[in-house]
J.: 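My structure is below; once you've seen it, I'll send some questions.
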Protein chains: 2
Amino acid sequence: MGPTEGDQSCLVSKLRHFVELSEQDNELLIRFEEEQREYKKRDLVRAEGDPIEDLFVVKKGWFIGYTTLPNGKRQVHRLYLPGDLIGTHEVVCERATYDVAATSDGILCPFQKIGLRHVFSNSPRLTALLYSIEALEQVAQDDRFRAVARMDATGRLSYLLLQIVSRLRLTEDNMHDRLKLLINQELIGDMLGLTGIHVNRTLKYMKEIGLIDRTGSVITLLQEDRMKELASFDDRHYKIDTSWFPPLIE
Amino acid sequence: MGPTEGDQSCLVSKLRHFVELSEQDNELLIRFEEEQREYKKRDLVRAEGDPIEDLFVVKKGWFIGYTTLPNGKRQVHRLYLPGDLIGTHEVVCERATYDVAATSDGILCPFQKIGLRHVFSNSPRLTALLYSIEALEQVAQDDRFRAVARMDATGRLSYLLLQIVSRLRLTEDNMHDRLKLLINQELIGDMLGLTGIHVNRTLKYMKEIGLIDRTGSVITLLQEDRMKELASFDDRHYKIDTSWFPPLIE
DNA sequence: CGGTTTTTTGAAAGGGCTCAAGATCCGTGG
DNA sequence: CCACGGATCTTGAGCCCTTTCAAAAAACCG
């Protein structure tokens with residue numbers, strides 16, 4: 001049923017969480033995952049300033065979108081996990097606003113930006129869904145922003161871990177309270193406005209006070225509730241209001 | 001021609017900067033500004049958790065979207081200026097994710113969220129434009145995020161001032177290098193992850209080193225170039241790539 | 001197994017915060 | 001038009017979280 005390797009599309013399986021898809025929608029979506037490209041850890045997918053022709057669906061592995069400031073500091077704007085779309089908000093730009101790279105080995109499915117025109121012209125409902133994904137991402141970004149702007153290191157890290165776990169749960173069935181981070185501490189710092197060094201110290205501290213356990217890059221959330229409180233974390237990933245969507249036509 | 005008071009719609013005049021609109025699009029857009037409501041400084045427009053039924057076009061005055069953390073700290077997620085749309089990314093939620101309030105006297109034009117269905121069903125092109133606005137907002141948020149996460153107070157403030165001026169220039173013809181902030185220093189701090197007190201000190205410092213001049217809340221940018229460098233500011237507001245838009249049909 | 005990447009730890013410095021209090025501005029009522 | 005009270009802006013002093021710089025230990029990879 002899926003386009004490749006017998007796996008079903010993680011994009012489709014993720015979107016199904018949000019809204020009922022018609023057969024036609026399904027067909028449009030599957031097209032997004034026809035081609036696939038492999039990447040190795042640290043590979044650059046595309047650089048800031050590159051013309052934007054393709055978007056990507058993450059099929060496997062973790063990827064980041066980041067920029068480097070003139071002073072050498074780095075800011076990781078987005079972490080892309082399997083099932084995520086890369087570049088949805090950049091279609092409005094002629095050129096990429098940041099670099100994208102693999103933080104682990106992985107696979108991306110590129111599809112042409114122009115392909116979106118089909119969706120916009122032929123499926124109002126799917127368009128609304130795309131719009132919603134975009135909007136949902138903003139909500140998530142807002143939450144992260146709040147964490148970075150207004151919480152200390154423990155709060156920020158709690159937030160990030162909860163967010164990642166919550167997102168992984170959407171596509172991985174066996175995702176409970178343990179995860180392997182496919183991104184190093186330096187980059188985690190760059191997501192949270194912290195130093196890699198301080199990320200390390202904070203993880204150590206979180207282990208000391210019993211919030212998490214950790215062996216290498218494998219982390220276990222021991223007190224998810226307390227972490228949620230620390231980060232005022234509200235899991236928003238399951239709710240899309242579709243009441244305003246154009247009606248579903250089979 | 002405009003719906004009210006002989007003024008033309010600031011939404012339309014803003015969108016015109018980005019893309020050519022058909023007559024039909026125009027008519028759809030004008031509907032968004034049929035009704036209007038007046039607000040006084042500090043009025044709450046709607047609270048976090050309220051059901052989302054309306055979106056708003058800002059007709060006059062400044063507004064903010066913000067949340068308050070359990071520890072009492074506040075985070076201003078968005079600053080809305082005339083011509084901006086409030087709530088575009090929250091249509092996906094059943095309930096508002098943050099409070100919206102007026103930071104000055106102002107006027108909003110509310111329109112029903114359901115009204116978007118018309119747009120999505122009838123104008124692929126306008127839908128693409130809405131999508132683009134949404135996406136552009138993300139780009140802007142990313143930039144602010146980077147400033148907050150990776151720059152010191154001077155950089156953050158430079159960024160914010162440049163951003164506001166740049167946005168005001170889209171709708172105000174006589175906007176040059178002087179602006180009156182319709183938002184107090186405390187709230188500026190809440191936008192940038194700083195204390196109001198430190199905003200004050202930093203503004204003082206910026207005046208001392210000649211970046212700006214200031215009398216009360218009226219600020220003059222004396223060295224815009226230097227500030228742009230400090231904040232690695234890239235003005236992205238004029239460029240929308242419409243190459244992938246569904247074709248314009250008159 | 002050797003080189004590279006990543007993690008870990010220490011000591012010192014710094015930017016922004018907190019707390020507190022005074023000065024100014026501004027809208028409102030008399 | 002003036003006086004009053006709340007909102008906002010200013011300024012000072014000390015503290016604290018995070019950064020910097022440096023370097024060692026550990027993990028990873030071919």
Side-chain angles (χ1 to χ4, degrees), chain A residues 40-43 62 64 69 71-76 101-105 147-158 180-209 212-219 230, chain B residues 39-43 62 64 69 71-76 101-105 147-158 160 180-209 212-219 230:
Chain A
K40 294 207 295 186
K41 187 176 179 180
R42 260 174 251 109
D43 277 356
W62 292 18
I64 54 170
L69 307 214
N71 61 20
K73 299 195 181 198
R74 187 171 43 191
Q75 172 61 29
V76 172
T103 63
S104 72
D105 294 353
V148 169
R150 286 303 182 205
M151 297 181 193
D152 63 16
T154 309
R156 295 185 208 182
L157 264 163
S158 296
K180 182 173 173 56
L181 294 175
L182 299 183
I183 175 177
N184 68 34
Q185 296 177 2
E186 187 74 30
L187 289 172
I188 291 177
D190 290 335
M191 293 190 69
L192 298 176
L194 295 170
T195 298
I197 295 172
H198 202 243
V199 168
N200 182 273
R201 285 195 243 264
T202 306
L203 286 174
K204 185 183 166 194
Y205 170 73
M206 289 172 74
K207 183 170 174 177
E208 277 167 18
I209 64 173
I212 61 172
D213 191 23
R214 182 168 72 92
T215 315
S217 55
V218 176
I219 291 190
L230 268 173
Chain B
Y39 294 88
K40 294 208 295 188
K41 188 176 179 179
R42 262 174 249 107
D43 277 355
W62 291 18
I64 54 171
L69 306 215
N71 61 20
K73 299 192 183 201
R74 188 171 42 192
Q75 172 61 30
V76 172
T103 63
S104 72
D105 294 353
V148 169
R150 286 303 183 204
M151 297 181 193
D152 64 15
T154 308
R156 296 186 206 182
L157 265 162
S158 296
L160 184 64
K180 182 172 173 55
L181 294 175
L182 299 183
I183 177 177
N184 68 35
Q185 295 177 2
E186 187 74 31
L187 290 173
I188 292 176
D190 290 336
M191 293 190 69
L192 297 176
L194 295 170
T195 298
I197 295 171
H198 202 245
V199 168
N200 182 274
R201 286 195 243 265
T202 307
L203 286 174
K204 185 182 166 194
Y205 171 72
M206 289 172 75
K207 182 170 176 177
E208 276 167 18
I209 63 173
I212 61 171
D213 192 22
R214 182 169 72 92
T215 316
S217 55
V218 176
I219 292 190
L230 267 172

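Order of the sequence lines sets the chain letters (A, B, ...), proteins ahead of strands, with each chain counted from 1. A quick note: this is a predicted structure, and the numbers were derived from the prediction, not measured.
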J.: Quick one: pull up CG in B:D213 and NZ in B:K207 and give me the separation to the nearest 0.5 Å.
T.: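 Answer for the CG-NZ pair, B:D213 versus B:K207, is 5.0 Å.
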J.: Let's test your reading of the model: under 3.5 Å, does the base of D:dT18 pair with the side chain of B:R150 as donor and acceptor?
T.: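 Per atom types, no contact qualifies.
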J.: Rounding to a whole Å, what distance do you find between A:M151:CE and D:dC17:P?
T.: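 Going from CE in A:M151 over to P in D:dC17 covers 17 Å.
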J.: Let me know the distance between CD of B:E186 and C1' of D:dA7, rounded to the nearest Å.
T.: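 From B:E186 CD to D:dA7 C1': 11 Å.
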J.: Pick the nucleotide of DNA chain C nearest each of B:K40 and B:T195; which residue has the one closer to the 5' end?
T.: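 Closest to the 5' end, via its nearest nucleotide, is B:T195.
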J.: Whole-Å distance between D:dA25 P and A:K204 NZ?
T.: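 It works out to 15 Å between those atoms.
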J.: As an exercise, state the distance from CG of B:L157 to CD1 of B:I219, rounded to the nearest 0.5 Å.
T.: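 Interatomic distance, B:L157 CG to B:I219 CD1, rounded to 0.5 Å: 8.0 Å.
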J.: Taking the nucleotide of DNA chain D with the closest heavy atom to each, which residue, A:S217 or B:I197, is nearer the 5' end?
T.: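 Final value for this comparison: B:I197.
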J.: Name the closest nucleotide to the A:D152 side chain, picking from D:dC17, D:dT11, D:dT20.
T.: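 Closest nucleotide to the A:D152 side chain: D:dC17.
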J.: Pick base, sugar-phosphate or nothing for B:K73, based on heavy-atom distances below 4.0 Å to the nucleic acid.
T.: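 Sugar-phosphate, backbone atoms only, no base.
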J.: Touch check for B:R156, heavy atoms < 4.0 angstrom, all strands: base, sugar-phosphate only, or nothing?
T.: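 Nothing: the residue B:R156, judged by heavy atoms under 4.0 Å, touches no strand.
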J.: Pick the nucleotide of DNA chain D nearest each of B:G196 and A:T202; which residue has the one closer to the 5' end?
T.: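 The residue whose closest nucleotide sits nearer the 5' end is B:G196.
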J.: Roughly how many Å is it from CG in B:L203 to P in D:dT11, rounded to a whole number?
T.: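 Spelled out: CG on B:L203 to P on D:dT11 is 11 Å.
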J.: Considering every strand and a 4.0 Å limit on heavy-atom distances, what is the contact class for A:G189: base, sugar-phosphate, or nothing?
T.: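 Since no nucleic acid heavy atom lies under 4.0 Å of A:G189, the category is nothing.
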J.: Take the protein atom CG of A:L181 and the nucleotide atom P of D:dA27, then report the distance between them rounded to whole Å.
T.: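 To the nearest whole Å, that distance equals 17 Å.
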J.: Taking the side chain as every heavy atom from C-beta outward, state whether A:M206 and A:R214 have any atom pair closer than 4.5 Å.
T.: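 Heavy-atom side-chain distance check fails, nothing below 4.5 Å.
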J.: I would like to know whether A:R74 and A:L187 meet side-chain contact (heavy atoms from CB on, under 4.5 Å); could you show each step before the answer?
T.: CA-CA 9 Å; A:R74 187 171 43 191; A:L187 289 172; 3.6 Å; yes
J.: Of the listed nucleotides (D:dA22, D:dT11, D:dT19), which one gets closest to any side-chain atom of B:N200?
T.: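 Closest of the options to the side chain of B:N200: D:dT11.
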J.: So how far is it from A:I212 CD1 to A:L203 CG, rounded to the nearest 0.5 Å?
T.: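 With rounding to 0.5 Å, CD1 (A:I212) is 5.0 Å from CG (A:L203).
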J.: To the nearest 0.5 Å, tell me how far A:I188 CD1 sits from A:L181 CG.
T.: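 Reported to 0.5 Å precision, the distance equals 4.5 Å.
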J.: How many Å lie between NZ on A:K180 and C1' on D:dA27, as a whole number?
T.: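 In whole Å, D:dA27 C1' lies 10 Å from A:K180 NZ.
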J.: Does D:dT8 have its OP1 or OP2 closer than 4.0 Å to a side-chain nitrogen or oxygen of B:R42?
T.: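 Yes.
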J.: Got B:D190 and A:R150 here, is their nearest side-chain heavy-atom distance under 4.5 Å?
T.: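 When only atoms from C-beta onward are counted, A:R150 and B:D190 do touch, with a gap below 4.5 Å.
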J.: Identify which nucleotide among D:dT19, D:dT11, D:dT10 has an atom closest to any side-chain atom of B:Q185, counting heavy atoms from C-beta outward.
T.: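 Of the candidates, D:dT10 comes closest.
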J.: What are the bounds, 5' to 3', of the part of DNA chain C that sits under 4.0 Å from heavy atoms of chain B?
T.: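 Range of nucleotides touched by chain B: C:dG16 to C:dA20.
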J.: Just wondering, do B:M191 and B:I183 contact through their side chains at under 4.5 Å, heavy atoms?
T.: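 The answer is yes, as the side chains (C-beta and beyond) meet within the 4.5 Å cut-off.
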J.: Tell me: CG of B:L182 to P of D:dA7, nearest whole Å?
T.: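 Interatomic distance, CG of B:L182 to P of D:dA7: 19 Å.
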J.: If I take atom CG in residue A:N184 and atom P in nucleotide D:dC29, what distance separates them, rounded to the nearest angstrom?
T.: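 After rounding, the reported distance stands at 13 Å.
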